[in-house]
Each structure stands twice: as C-alpha cells, then as structure tokens.
Amino acid sequence: MTGPGRDTEAGPERSTGPVPGPRRPGTRPLLALAALCAMLFTAVAVTVAVRHGAPLAPEQAAHRWALAHRGEPLRSAAGALTATGTGPVPYLMAVLAGLLAGRGARGRLRAVASAVAVLAVGQAVRYGLMELLARPRPTTADWAGRASGYAFPSGHATTSALAAGLLAWGIARYAGRGPARTWCAVLAFWAVAVGLTRVYLGVHWPGDVLGGWLLAGTVLSLALLLERYVLPDRYAAGGLPESGGAGPA
C-alpha cells in the first residue's frame with residue numbers, strides 16, 4: 001500500500017529533450033597529444049642535427065638486418081606497398097575523407113578542401129624540414145627502391161600517416177565510432193607497413209620513419225583542434241552517429 005500522492009515505483013526521470021550525440025575529443029587531450037608528438041619529434045630531429053645525420057647504432061643494425069633479409073617475394077611486395085604511400089593515392093584518400101565527413105554539397109566541398117589542405121600543409125612542413133636538416137640517406141648501393149632528396153623525415157611515412165589519419169577521421173564522421181575502430185586499425189596497419197618498407201628497401205634510416213610518424217601525429221592533432229572552426233556544420237548538427245547507417249544528409 002502506498003499513501004496518496006506517492007509514486008508506486010521510483011524510476012529514473014525521463015527527458016523529453018534531444019539526446020546529445022557522442023562527444024568529440026576535447027581540446028585538452030588534443031593539445032596534449034599534439035604537444036607530445038611535437039616534443040618527441042623535436043627530440044628525434046635534434047638528435048639527427050647534433051650527429052650531422054650520422055645513424056645511431058640501432059639504426060645501423062636495422063639497416064644491416066634489412067639488407068640480409070631482402071629477398072623475393074618480399075622485395076617485390078615491399079616495392080608495391082611503398083608505392084601507395086606517395087603520388088595520387090594519399091590525395092585520393094584525403095578527398096574521400098572529405099566526402100565522407102561533409103554534410104550536404106557545400107559541406108562536402110569544404111571538408112574535401114580542408115582534408116587536402118591538411119595533407120598539403122604536412123607535405124610543405126616536411127619538405128622544409130628535410131632541406132633544413134639535410135640528413136643523408138643510406139648509400140645508394142643499398143637501395144632497392146626509388147628515392148630522392150634528403151632522408152629526414154621520411155616522405156612516405158609522413159604522407160601515408162597523414163592520409164590514414166584523414167580517412168579514419170572521415171569514416172568516423174560518417175559511420176560513427178563503432179565501425180571506425182575497425183577501419184582505424186586497418187589504416188594504421190597500412191601506414192605503419194608503408195613506413196617500414198622504406199627501411200626494408202634501404203632508402204631510409206628508422207629514425208627518418210619515426211620522425212615522419214611523429215610529424216604526422218602533430219599535424220593531425222592540430223587539424224582536429226581546428227575542425228570546429230572549419231566545419232561548424234558538424235557541430236551544429238547535434239552530434240555524430242554512434243553506429244553505421246547514418247551518413248551525412
């Protein structure tokens with residue numbers, strides 16, 4: 001028995017307002033990630049500079065291991081994989097990322113332009129750092145692939161990591177966090193594999209590849225910080241889809 005005016009069952013209050021979408025990464029975590037990547041990249045770059053590009057002992061050991069274990073069909077497979085880390089493929093990935101992330105025709109156009117701009121800015125910074133540090137590559141007699149310019153940071157490692165991060169961002173904005181986890185793992189594996197092929201093919205030292213990954217992490221983190229200003233429609237829409245099947249309108 002219950003007295004008059006009392007509920008027969010106490011339960012959670014129900015809200016009639018809209019349910020907010022999943023939260024995006026906060027400013028502080030992104031700033032912390034950008035700072036961490038930047039500091040680690042600076043440490044690697046300073047090490048390269050003070051040694052005038054001379055490889056560390058672990059780098060020399062990795063280079064010798066690659067030379068000793070370079071045979072078919074791994075050599076051909078590495079050559080095919082490394083080719084995907086440069087040229088049109090990364091820019092096509094950036095365009096696809098923008099098409100997935102944008103809402104409506106204007107939103108997609110803006111997202112595509114933003115993704116391509118992030119990739120281009122990352123490339124420009126890399127070129128500047130390569131010329132500034134001017135680290136020599138391993139001797140050309142050890143090369144099993146094409147390469148040009150200085151060694152640090154690796155262009156293939158930087159570009160593939162940027163492209164993978166951008167496409168993962170586009171998939172997450174289109175399909176939500178659930179399906180994006182699988183694609184993030186696939187894209188991360190691809191980017192790491194492309195970077196490792198540069199060492200296996202003898203055209204880069206491991207530190208060059210590590211520097212490329214850290215540079216890409218810095219650029220991507222900073223780009224995410226600017227997302228709310230470049231793509232305000234994503235923030236005005238009331239959240240992102242939690243699962244697949246709810247793409248851009």
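Only heavy atoms go into these numbers, but all of them, side chains included; no hydrogens, no water, no symmetry mates.
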Do Thr158 and Gln123 meet the criterion of a side-chain donor-acceptor pair at a distance under 3.5 Å? no

Within 6.0 Å of CZ in Arg51, more than 12 heavy atoms from elsewhere: yes

Do Leu119 and Leu220 share a hydrophobic cluster, counting only Ile, Leu, Val, Met, Phe, Trp and Tyr and linking them when any side-chain heavy atoms are less than 4.5 Å apart? yes

Atom of Ala115, atom of Gly98 and distance for their closest heavy-atom approach: CB-N, 4.4 Å

Across all chains, not counting sequence neighbours, the salt bridge (charged side-chain N to carboxylate O under 4.0 Å, His left out) partners of Arg135 are Glu59, Asp208

In sequence, state the C-alpha distance, the side-chain angles, and the governing distance for Leu226 and Leu222, and then conclude on side-chain contact (heavy atoms from CB on, under 4.5 Å). CA-CA 7 Å; Leu226 297 176; Leu222 294 176; 5.8 Å; no

Can you check whether Ala151's main-chain N or O pairs, donor with acceptor, with His204's side chain at less than 3.5 Å? yes

If hydrophobic clusters are built by linking Ile, Leu, Val, Met, Phe, Trp and Tyr wherever their side-chain heavy atoms come under 4.5 Å apart, do Leu210 and Leu162 end up in the same one? yes

Would you call Val125 and Val219 a side-chain contact if the rule is heavy atoms closer than 4.5 Å? no

Are Val118 and Val116 connected into the same hydrophobic cluster when the rule is that any two of I, L, V, M, F, W, Y join if their side-chain heavy atoms are below 4.5 Å apart? yes

Please round to the nearest 0.5 Å and tell me the distance separating atom CG of Leu215 and atom OG of Ser154. 10.5 Å

Thr82 side chain to Gly79 backbone, donor-acceptor under 3.5 Å: no

Side-chain touch Leu100/Arg108, heavy atoms, less than 4.5 angstrom: no

If every non-hydrogen atom of Ala157 is compared with every non-hydrogen atom of Trp213, which pair is closest and at what distance? O-CD1, 3.8 Å

Determine, using the 4.5 Å side-chain heavy-atom cutoff (strictly less than), whether Val48 and Leu132 are members of one ILVMFWY cluster. no

Contact check, side chains of Thr84 and Ser160, non-hydrogen atoms, under 4.5 Å: no

Any donor-acceptor N or O pair under 3.5 Å, side chains Trp205, Gln60: no

Find out whether Trp190 and Met93 are in side-chain contact, i.e. whether some heavy atom of one side chain is under 4.5 Å from a heavy atom of the other. yes

What closest approach, in Å, do Ser221 and Gly217 show between heavy atoms, and which atom pair accounts for it? OG-O, 2.8 Å

Smallest separation among heavy atoms of Arg228 and Leu225, with atom names: CG-O, 4.3 Å

The complete set of ring pair (Phe, Tyr, Trp, His ring centres under 6.0 Å) pairs with one or both residues in residues 112-163, sequence neighbours excluded, reads Phe41-Phe152

Using side-chain contact (heavy atoms from CB on, under 4.5 Å), reason through Leu167 and Trp183 one step at a time and then give a plain yes or no. CA-CA 9 Å; Leu167 187 52; Trp183 281 105; over 6 Å; no

Got a donor-acceptor contact below 3.5 angstrom from the Arg70 side chain to the Tyr200 backbone? yes

Arg126 and Glu131: CA distance, side-chain angles, deciding distance, salt bridge (charged side-chain N to carboxylate O under 4.0 Å, His left out) verdict: CA-CA 9 Å; Arg126 176 183 64 83; Glu131 294 297 323; over 6 Å; no

Counting only N and O atoms by type, is there a donor-acceptor contact under 3.5 Å from the side chain of Thr218 to the main-chain atoms of Leu214? yes

Looking at Ile171 and Ala180, what are the two nearest heavy atoms and their distance? CG2-CA, 4.1 Å

Under 4.5 Å between side-chain heavy atoms, hopping through other hydrophobics if needed: is there a path connecting Leu166 to Val95? yes

What one should report as the nearest heavy-atom pair of Gly149 and Met130 is C-CE, 4.2 Å

